[in-house]
Amino acid sequence: MHRSYHEAINSKVVFQNNVISWFKNNKRILPWRDKRDKSNYPYRVMVSEFMLQQTVVKTVIPFFNKFIKKWHDLKSLSQASEEELLLHWQGLGYYSRARNLLKTAVIINENFDGIIPTNQEDLIKLPGIGSYASAAILAIAFNKPAVVIDGNIKRVISRYLGFQGTLEDNKNIIEEAANTLSVKKNNEYYSQGMMELGALICKPKSPLCSQCPVVKECVSYKLKIQDQVPEAKKRNKKKKLYCSSTLILDNNKNILLKKRETKILQDQWDLPSTEWKGEEIREVFKPFPQLDLEYEKSKELYNHIFSHIDLKTRVYFSKIKSKERKLNNDLYKWVSLKKINTYPTTLICRNILKNYNLI
DNA sequence: AATTCGGGGAT
DNA sequence: ATCCCAGAATT
């Protein structure tokens, strides 16, 4: 390890204090930091920690505000329906977080007397709460000592200590360093400060070292390798998948939706679709041969980009005079285009409907 | 240890 | 395009 590494570790108290005072002076106004409603503060922190997983602050804020308005406290959330929850999570992604948040609220309500646990062993057992979220809740909601490690903190530590290679390569030494640098007091400020530092100053690209409160002992800065540390992770190539969907519209502007039963986008309403496969389905997709509908096949493929999939959808458009009752059961539902906003629907479905100028 | 979960921001 | 995001659960 480079000599400056030991210097950086040795000045850890200065490092901690600089992070803390920087945070106190630079606090962004984020809704989950509002402590005015003291009794619900831990609940709000918990909700934010579910939403913030792999999601940038800016994206989360409007979802968080709507969510808290709808479910002000843990008790009301524990009584929510999953469909209603999915509707509020619509567009935020990683929908298992919503299901797990509801499960966790129910468990806390039933098994913990409605009080969010204040120890990591209990927290980490709750659905959707892992090593990061359990530590973050302890630190932020209760100002307890816990080693918080998220993507920002991994990057800050890697840069500060000059760990070359990918975050994955250095997983163990990053955790060790995070332990060494962690604080017992003021963890609320320290942990949020580290994350804010990563988000606002020690950014993935072009870090603002001139504004950094801990630049003085930063190993990467001394070696002028701050732009190469950490090394970017090579990502797997996206899968290209294809499917065919039907857009069936009646005279009263109702469309037929189907609830997805797959793991991805589970329980969300979608255009009735084929499986997603590696090559385009050539034969005409007629999901309801008994109705003998005439379909107009879309010329273009509608592309929907996931983080790990490029999905291309061929649309089969059909008009029908009135709702076909045979198709109304638990999985299929006729939905008025005006009321589509009251159902959790996939963005794929919504974007296709927009393209047809139906919504 | 790898992969699967979404969607969008930033560049 | 590419990388990343206050990661967790599953394979």
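When reading the values below, keep in mind they use all heavy atoms of this one structure, side chains included, and skip hydrogens, waters and symmetry mates. Keep in mind that this is a model prediction, so the values were computed, not measured. So that the names make sense, note that chain A is the first sequence line, chain B the second, and so on, each numbered from 1.
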Identify whether any heavy atom of [X] sits under 4.0 Å from a base atom; if not, whether one sits that close to sugar-phosphate; answer base, sugar-phosphate or nothing.
X       : answer
G198(A) : nothing
R33(A)  : base
I124(A) : nothing
R155(A) : sugar-phosphate
A136(A) : nothing
I305(A) : nothing
S96(A)  : nothing
E168(A) : nothing
S206(A) : nothing
W32(A)  : base
L92(A)  : base

In whole angstroms, how far is the [atom2] atom of [N] from the [atom1] atom of [X]?
X       : N      : atom1 : atom2 : value
K233(A) : dA2(B) : NZ    : C1'   : 9 Å
D150(A) : dC5(C) : CG    : C1'   : 9 Å
Y95(A)  : dA9(C) : OH    : C1'   : 18 Å
K238(A) : dA1(C) : NZ    : P     : 9 Å
K103(A) : dA9(C) : NZ    : C1'   : 10 Å
R235(A) : dA2(B) : CZ    : P     : 15 Å
I61(A)  : dA6(C) : CD1   : P     : 11 Å
E231(A) : dT2(C) : CD    : P     : 17 Å

**Request:** Nearest-nucleotide wise, let me know which of K239(A) and V56(A) is further upstream toward the 5' end of DNA chain B.
**Result:** K239(A)

**Complete:** Taking for K203(A) and for G93(A) the nucleotide of DNA chain B with the nearest heavy atom, the one nearer the 5' end belongs to G93(A)

[N] OP1/OP2 closer than 4.0 Å to side-chain N/O of [X]:
X       : N      : value
Q54(A)  : dC5(C) : no
R97(A)  : dC5(B) : no
S131(A) : dA8(C) : yes
H304(A) : dG6(B) : no
Y94(A)  : dA9(C) : no
N100(A) : dA8(C) : no

Nearest to the side chain of [X], which nucleotide is it out of [options]?
X       : options                 : value
E49(A)  : dG9(B), dA6(C), dG7(B)  : dA6(C)
K205(A) : dA6(C), dC3(C), dG7(B)  : dC3(C)
A133(A) : dA6(C), dA8(C), dC5(B)  : dA8(C)
H308(A) : dG7(B), dT4(B), dA8(C)  : dT4(B)
A232(A) : dA6(C), dC4(C), dA10(B) : dC4(C)

I'd like to know if [X] pairs up with [Y] as an ion pair, taking the criterion as any Lys NZ or Arg NE/NH1/NH2 lying under 4.0 Å from an Asp or Glu carboxylate oxygen.
X       : Y       : result
D34(A)  : R36(A)  : yes
K333(A) : E83(A)  : no
E168(A) : K233(A) : no
K125(A) : E121(A) : no
R99(A)  : D267(A) : yes

**Prompt:** Between L30(A) and I129(A), which has a closest nucleotide on DNA chain C that is more 5'?
**Reply:** L30(A)

**Fill in**
Comparing N152(A) with K234(A), nearest DNA chain C nucleotide closer to 5' gives the residue K234(A)

**Asked** Is there a donor-acceptor contact under 3.5 Å linking the side chains of H72(A) and N40(A)?
**Response** yes

**Asked** Is there a side-chain contact between I61(A) and W32(A) (heavy atoms, below 4.5 Å)?
**Response** yes

**Asked** Side chains of L200(A) and N26(A): does their closest heavy-atom pair fall under 4.5 Å?
**Response** no

**dG6(B) to dT10(C) separation - P atoms, rounded to the nearest Å** = 14 Å

**Message:** Roughly how many Å apart are dA6(C) and dT3(B), using the C1' atom of each and rounding to a whole number?
**Reply:** 22 Å

**Message:** Determine whether a donor-acceptor pair (one donor, one acceptor, N or O, separation below 3.5 Å) exists between the side chain of T55(A) and the base of dG7(B).
**Reply:** no

**Side-chain-base donor-acceptor pair under 3.5 Å for T59(A) and dG8(B)** = no

